[in-house]
Participant: 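My questions all concern the structure below.
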There are 2 protein chains.
Amino acid sequence: MKMQQLRYIVEIVNQNLNVTETANALYTSQPGISKQVRLLEDELGLEIFERNGKHIKSITPAGKKIIAIARELLVKAESIKSVANEYTRPDHGVLRIATTNTQARYMLPSVVERFSKQYPDVSLHIHQGSPTQIHDALMSGEVDLAITTEAPYLFDDLIQLPCYLWNRSAIVKADHPLAKVKNLTIEALGQYPLVTYTFGFTGVSDLDYAFNAAGILPNIVFTATDADVIKTYVRLGLGVGIMASMAHTELDHDLVAIDAGHLFRSSMTQIAFKQSTFLRNYMYDFIEYFSPHLTRPMVEKAERLRDNNAIKKLFDNVKLEVK
Amino acid sequence: MKMQQLRYIVEIVNQNLNVTETANALYTSQPGISKQVRLLEDELGLEIFERNGKHIKSITPAGKKIIAIARELLVKAESIKSVANEYTRPDHGVLRIATTNTQARYMLPSVVERFSKQYPDVSLHIHQGSPTQIHDALMSGEVDLAITTEAPYLFDDLIQLPCYLWNRSAIVKADHPLAKVKNLTIEALGQYPLVTYTFGFTGVSDLDYAFNAAGILPNIVFTATDADVIKTYVRLGLGVGIMASMAHTELDHDLVAIDAGHLFRSSMTQIAFKQSTFLRNYMYDFIEYFSPHLTRPMVEKAERLRDNNAIKKLFDNVKLEVK
DNA sequence: CGGGCTTACGAATATCGTAACGATA
DNA sequence: TATCGTTACGATATTCGTAAGCCCG
């Protein structure tokens, strides 16, 4: 069993069982991969992929388990390289983060600015996507850290750390009737067409929950995955925007934000990484820049605890910032 | 980075940094290992081993971390092979257990008998040793399961499952004054020279605790790592034996066992394995044979929980057998 | 000077790419 | 018939063993 072979079978799965694509992705020849896969299968004495004649059709049950373990193994191999780099080039490396548009656009810039100044030789890659995509990117090892607001993914080997709480504001044009309202109510919101986040994004369930509790069926006329699009359509007069308060900036002087924090449950932004990944020194710093209470000792304590319930307790007496 | 290279560096550490021994252990040539180690070090750009001229002197800090990860990686590789064997030869394989003499001698035989009948093609290897050796054997991957009575090893990637409780008896020859005592007291024990387990074995701390609590300094004249040796010296008249009650069998008709369960804290026997190991089907069965409440679903639930505190809770309402 | 690591070198083996083939949809 | 995996084969690398060299205690 060679690591290459494991890399091949994992990448074949990543490429939806297309060996030719896999060869391209790995910059090697397609027959080479076929052969190595066969050799591995011979060594293990079973088929990892089910073939239909000469086409790969699916993964066998045994193959699924093997690939899952192979993934973990390859992460360990990456960790070894990271450890080596940590010693040979302490402040050189890559930091890959998956997050939602809102985080990338409104929360990360100041952190990134500080980080880049401190670590000019660490190249930063921000992957944007839906919570599902973020989760996949993290689990497949495409990224090192995930910053999300969605529900915790239980039973995964993830360490999840609480960063801060945030809530929503209603966004309207300055001439909108709601613009002068002092105490926004859920009923008032229910009277207007709404523009908000697409389902599955940044705490939409908290929004649903509040309307349901009030017995109101909200008239959602448009959804988008990011606040900029929401603002654009609010400007077009399509409806009242409901979005993360932090997405309303001083540049939006034509729009009025009416705090709606009392109407909806707060969402929590978390930073997550796989239990098995080796964190570079600069990654600890990035985490602390993002959330000052997540100091390196705290993060390491959480790593040792492993269990997310225990981690939750660890931060019970930390007062999270509200944004 | 090749798996072979990782195997080499891990084995060099296992062999106390002696490369020649490592070569023998791995059935290969010594220069081959030296070369591969150098190649790995070149690739990683750092030294894993510190050399004094041409002798390997110690492990570098980076090397320590790398070797720790390499160990985990190799366990994953073994897991892949196990998965394959599980599918191709379900009832064939190896089961390696590390345990103390008392377990091996008095508790395992019936389990092994049943297991061997059920799985004639699984070869069983029982490693005996001190709790420390058992722990090491488990962590280094020498064995699959550990059966111990010692304190839980926290912060290790171990799953620990409670098996049963046991306590001690005082063992004397039939003509000994204590032989006719109905209610044994700690003070009575304190009047005689004692023969018991060596420190670090099978719950010696519970024994110390009871004597300390009673303000008695026990006169321990002889200690041994196993009950058979203790019995032998009791027969020689060296003193009163204190050992696991289950170690007194019908063959010991010349010795009288006086239950001392009310004098000492019960010890708990646990079965442990590394979180990262893949358990073969027959391993689940072995565990259940050993402790009927540890059914496969229960063990799998514990594996998912990972956290030993959570696991403890899982078994809170299970009434453990007392042996 | 002997145990123990490294270097040198050659044989066996493995890997990988190109080209040709075959099968499926 | 086009797409995609397998087979064949040769060039190149890698691995591993033997033999010789070298250094430290």
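The structure presented is a predicted model; accordingly, all values stated were derived computationally and were not measured. Within every chain, numbering begins at 1; the chains are lettered A, B, ... in the order of the sequence lines, protein sequences first and strands thereafter.
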Participant: Counting only N and O atoms by type, is there a donor-acceptor contact under 3.5 Å from the side chain of Q5(B) to the main-chain atoms of K2(B)?
Facilitator: yes
Participant: Given 3.5 Å as the limit, does a donor-acceptor pair link the side chain of K76(A) with the main chain of A70(B), or not?
Facilitator: no
Participant: Considering residues at least two apart in sequence or located in another chain, which fulfil the side-chain contact (heavy atoms from CB on, under 4.5 Å) criterion with N18(A)?
Facilitator: T20(A), E21(A)
Participant: Does E300(A) pair with R296(A) as a salt bridge, N-O distance under 4.0 Å?
Facilitator: yes
Participant: Need two values: the first and the last nucleotide of DNA chain C, 5' to 3', having an atom under 4.0 Å from any heavy-atom of chain B.
Facilitator: dG3(C) to dT7(C)
Participant: Between E41(A) and F49(A) (side chain of the first, backbone of the second, donor and acceptor by atom type, cut-off under 3.5 Å), is there such a pair?
Facilitator: yes
Participant: Could you list the donor-acceptor pairs under 3.5 angstrom formed by side chains in residues 56-67 of chain A, with sequence neighbours left out?
Facilitator:
residue, atom, partner, partner atom, Å
S58(A), OG, E50(A), OE1, 2.9
T60(A), OG1, E47(A), O, 2.8
T60(A), OG1, I48(A), O, 3.1
T60(A), OG1, G63(A), N, 2.9

Participant: With sequence neighbours excluded, what pairs up with D228(B) under the salt bridge (charged side-chain N to carboxylate O under 4.0 Å, His left out) test?
Facilitator: R105(B), K231(B)
Participant: Within residues 5-22 of chain A, find the residues that approach DNA chain C with a heavy atom at under 4.0 Å, and present them sorted by residue number.
Facilitator: Y8(A)
Participant: Is a donor on one side and an acceptor on the other found under 3.5 Å between the side chain of N308(B) and the backbone of Q160(B)?
Facilitator: yes
Participant: With sequence neighbours excluded, tell me which residues meet side-chain contact (heavy atoms from CB on, under 4.5 Å) with K301(B).
Facilitator: R304(B), L314(B)
Participant: Kindly list each side-chain donor-acceptor pair under 3.5 angstrom involving residues 89-99 of chain B, sequence neighbours excluded, with atom names and distances?
Facilitator:
residue, atom, partner, partner atom, Å
R96(B), NE, E142(B), O, 3.4
R96(B), NE, D144(B), OD2, 3.3
R96(B), NH1, G141(B), O, 3.3
R96(B), NH1, E142(B), O, 3.0
R96(B), NH2, G141(B), O, 3.4
R96(B), NH2, D144(B), OD1, 2.7
T99(B), OG1, I147(B), O, 2.9

Participant: Any residue in residues 29-45 of chain A with a heavy atom nearer than 4.0 angstrom to DNA chain D? Just list them by number, or reply none.
Facilitator: Q30(A), P31(A), S34(A), R38(A)
Participant: Just how large is the angle between the end axes of the helix from dC1(C)-dG25(D) to dA25(C)-dT1(D), five pairs per end, to 10 degrees?
Facilitator: 40°
Participant: Checking side-chain polar atoms at under 3.5 Å, does Q133(A) have a donor or acceptor matched by the opposite partner on D136(A)?
Facilitator: no
Participant: Who are the salt bridge (charged side-chain N to carboxylate O under 4.0 Å, His left out) partners of K81(A), not counting sequence neighbours?
Facilitator: E78(A)
Participant: Applying salt bridge (charged side-chain N to carboxylate O under 4.0 Å, His left out), name anything that partners R71(A), two or more places apart in sequence or on another chain.
Facilitator: none
Participant: Between H55(B) and K2(A), which residue's closest nucleotide on DNA chain C lies nearer the 5′ terminus?
Facilitator: H55(B)
Participant: Reading DNA chain D 5' to 3', which nucleotide is the first, and which the last, to come under 4.0 Å of any heavy atom in chain B?
Facilitator: dT14(D) to dG25(D)
Participant: Using the six-membered ring wherever Trp is involved, compare the ring planes of F222(B) and Y233(B) and label them parallel, tilted or perpendicular (cut-offs 30° and 60°).
Facilitator: parallel
Participant: Applying the ring-ring contact (aromatic ring centres under 6.0 Å, His included) criterion to F286(B), which one of Y119(B), F115(B), F273(B) satisfies it?
Facilitator: F115(B)
